[in-house]
Amino acid sequence: MARSGRGFNTISPAEKVVRYTLLLVVLVITVGPFLWQLSTSLKSVSEDVFTQTPTFVPQHPTLSNYAEVAKTIPVWSYAGNSLIVAILVVAGNAIGATLAGFALAKLRFRGSKLVLGLFLATLILPSEVTIISQYVIVRGLGFADSLIGVALPGAIQMLNVLLMRTAFLSIPADVDAAAIIDGATAWQRLIRIGLPNVKGMLSVVVIFSFIFAWDDFLWPLIVLTDPDKYTLTVGLQYLNGTFSSNPRLIAAGTMIAFLPIVVIFALLQRFFFKGVDAGAIKG
Amino acid sequence: MTHKRWFTPWLLIAPAAVWLVVFNAVPAINTVILSFTNAKPLGGGQFIGFGNYTRMLDDQQLVDALINSIVYMVVCVPLLTLLPLLLAVLVEKKLRGIAFFRIAFYTPVIASAVVVALIWGWLLNDRGVINGMAERLGFLSDPLPFLTDRWLLLISAISLTVWKGLGYYMIIYMSALGNVSRELHEAAAVDGAGPVRRFFSVTVPGVRNTMLLITVLISVFALRVFSELYILSNGTGGPGGRDMSLVMLIQLYGQGLTGHLGYASALSVLLFVVTVGPMLFLARLNRKES
């Protein structure tokens, strides 16, 4: 971007100081609690975590709380359960939403408007409204108290179908027209022209399906009764109810649930923020 | 050469359509039907007319839950409409390291509400760091019962929701700010308008529609709150169960073998009725935009 000497974009040193100060204050507020929890999870039993002057850096950092929490609840198998559910949900959404989004955006067929209207209509229905009836259905299908039952209702989310449709719609029509003249089938158009052009949106769908499944609490709480099948969030609330006397263990448990999602988001965030920046550059 | 098959689109839509019917449409209809029955998880289910709905009128816990919802909305809506906008303005300028701050501010959004509530439960504990610091600095002589007092527990859950939501709405504002005309900002600056003045006379009007959208999103979100209150109260709903939310009541009556699916469904219908107003408003807004 071209800048004139005293252009609008130049920031005075004073403003810089103010901005960075504010940024650091907000950073402490948003990230501080996570760091505090991480610190608690690394404090040894000999260190008093309840004192009025607790130290931020553990005096004798130890990983023993992570081993200890695994003795109290099967936290690693809970993490495995959460991962299984998340993989099923990500796969279901990546495939189901892509196929339907493509058909709704790029194929002309009788009744497409009606189908689109039905997908849109579901958006005004908060998932909590239908959660009890969904449970009745999942139980009827024989998936109560199973990980498949946890994954099933969210495995194709209507919002993701609509997001993928929007992405496919933004592919210029003449690109597609050439393929149609060349005699490409719908399937070939999807693979060769569609998919390469919707990578960004597809990554967003994948990231958010994963986060949604990994973080979900109410639905697995309703579906699961067997403690062996708990996902991490349900297992953690169980841990909290039973052993609230030792905050180090709960801290270790929350870090096991939190860190994987941070790593995944850190790896994939550029796809996410690219979209935001693209909008910002336009102005 | 292609032979155009009429069923290809339907084949591609089929999986999503099955999910639409089985996990959205049928449950929606079934919720309404169940709400007029006395269905229990194990069999049962006679039609009892408006029985579940008249039962609501005498349900003190439901009254409390609705009061909690109103408090939730009244506090969350202004805070989460304004604070994320200020954040978005703060991270808008391309300073060195700004990408790091954006990601960091978004962290509470990607964490599970369960994780976040457990972290705050520890911070707000009677012997946790917030009470500890306040006592040490002499603000308090006794710890504040953040997690065992009805109103303090509600306020704690609300603060948690606000804290967790900041980054989410910040992102929405960020893409809206990109569309605020830079020329207007420059013109205002040339005319001698300071940053505060420009914020109110250029930025705020520029993101007016986004503000409306966010107001609606927060209203609906506040009505759907569950995990924060559930975890902070350890599943009890606070002292005397007075910190229940509507969704907590739905879960309470809908879950387990002793549940009452009929009443849970009636509560679900109520939840739909209170959320549909803001939602329809949003749908109208969207149609105007496009």
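Below, read A as the first sequence line, B as the second, and so on, with proteins coming before strands; counting in each chain starts at 1. Values below: every heavy atom of this structure, side chains too, minus hydrogens, waters and symmetry copies.
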Neighbour count >12 (heavy atoms, 6.0 Å) for atom OH, Y106(B): yes
Neighbour count >12 (heavy atoms, 6.0 Å) for atom CZ, F119(A): yes
Counting heavy-atom pairs under 4.5 Å with chain A, which one of [options] comes out on top?
options	result
P108(B), P15(B), A104(B)	P108(B)
I110(B), L267(B), L95(B), L87(B)	I110(B)
V190(B), T275(B), I103(B)	I103(B)
I33(B), V91(B), T107(B), L223(B)	T107(B)
V276(B), L34(B), V129(B), V116(B)	V129(B)

Ring centre gap for F34(A) and W163(B) strictly below 6.0 Å: yes
Proximity breakdown for [X] and chain B, heavy-atom pairs closer than 4.5 Å:
X	answer
V223(A)	neither
L232(A)	neither
V234(A)	neither
T233(A)	both
F212(A)	neither
L152(A)	both
L99(A)	both
R139(A)	side chain
A155(A)	both

Picking from [options], which has the most non-hydrogen pairs under 4.5 angstrom with chain B?
options	result
L221(A), V136(A), V115(A), L22(A)	L221(A)
N93(A), T254(A), I124(A)	I124(A)
P33(A), G101(A), A257(A), A266(A)	P33(A)
P126(A), G96(A), A103(A)	P126(A)
V161(A), I137(A), I211(A), T225(A)	I137(A)

Side chain, backbone, both or neither: which part of [X] has a non-hydrogen atom closer than 4.5 Å to chain A?
X	answer
Y253(B)	neither
L118(B)	both
F272(B)	both
I231(B)	both
V18(B)	neither
V115(B)	both

side-chain contact (heavy atoms from CB on, under 4.5 Å) evaluation trace for L23(A) with I98(B): CA-CA 9 Å; L23(A) 284 169; I98(B) 202 72; 3.8 Å; yes
Closest non-hydrogen atom pair between R19(A) and V89(B), with its separation: NH1-O, 3.3 Å
Atom of T8(B), atom of A186(A) and distance for their closest heavy-atom approach: CG2-CB, 3.8 Å
Hey, is the main chain of [Y] close enough, under 3.5 Å, to the side chain of [X] for a donor-acceptor pair?
X	Y	value
W122(B)	I250(A)	no
Q37(A)	W120(B)	no
T31(B)	T130(A)	no
T30(A)	F105(B)	no

Pairwise distance [atom1]([X]) to [atom2]([Y]) - rounded to 0.5 angstrom:
X	Y	atom1	atom2	value
K16(A)	R96(B)	NZ	CZ	8.0 Å
L125(A)	S268(B)	CG	OG	10.0 Å
S227(B)	D216(A)	OG	CG	8.0 Å
Y230(B)	N240(A)	OH	CG	10.5 Å
Q251(B)	F217(A)	CD	CZ	7.5 Å
N24(B)	S127(A)	CG	OG	9.5 Å

Taking C-beta and beyond as the side chain, do [X] and [Y] meet within less than 4.5 Å on heavy atoms?
X	Y	result
L11(B)	W187(A)	no
I119(B)	F258(A)	no
M158(A)	W19(B)	yes
V26(B)	S133(A)	no
V114(B)	D215(A)	no

Pairwise ring pair (Phe, Tyr, Trp, His ring centres under 6.0 Å) hits with a residue in residues 92-112 of chain A, at least two apart: F102(A)-F168(A), F109(A)-W10(B)
Mutual orientation of the aromatic rings belonging to F101(B) and Y20(A) [parallel < 30°, tilted 30-60°, perpendicular > 60°]: tilted
Salt bridge (Lys or Arg N to Asp or Glu O under 4.0 Å) against E128(A), all qualifying residues, sequence neighbours excluded: R224(B)
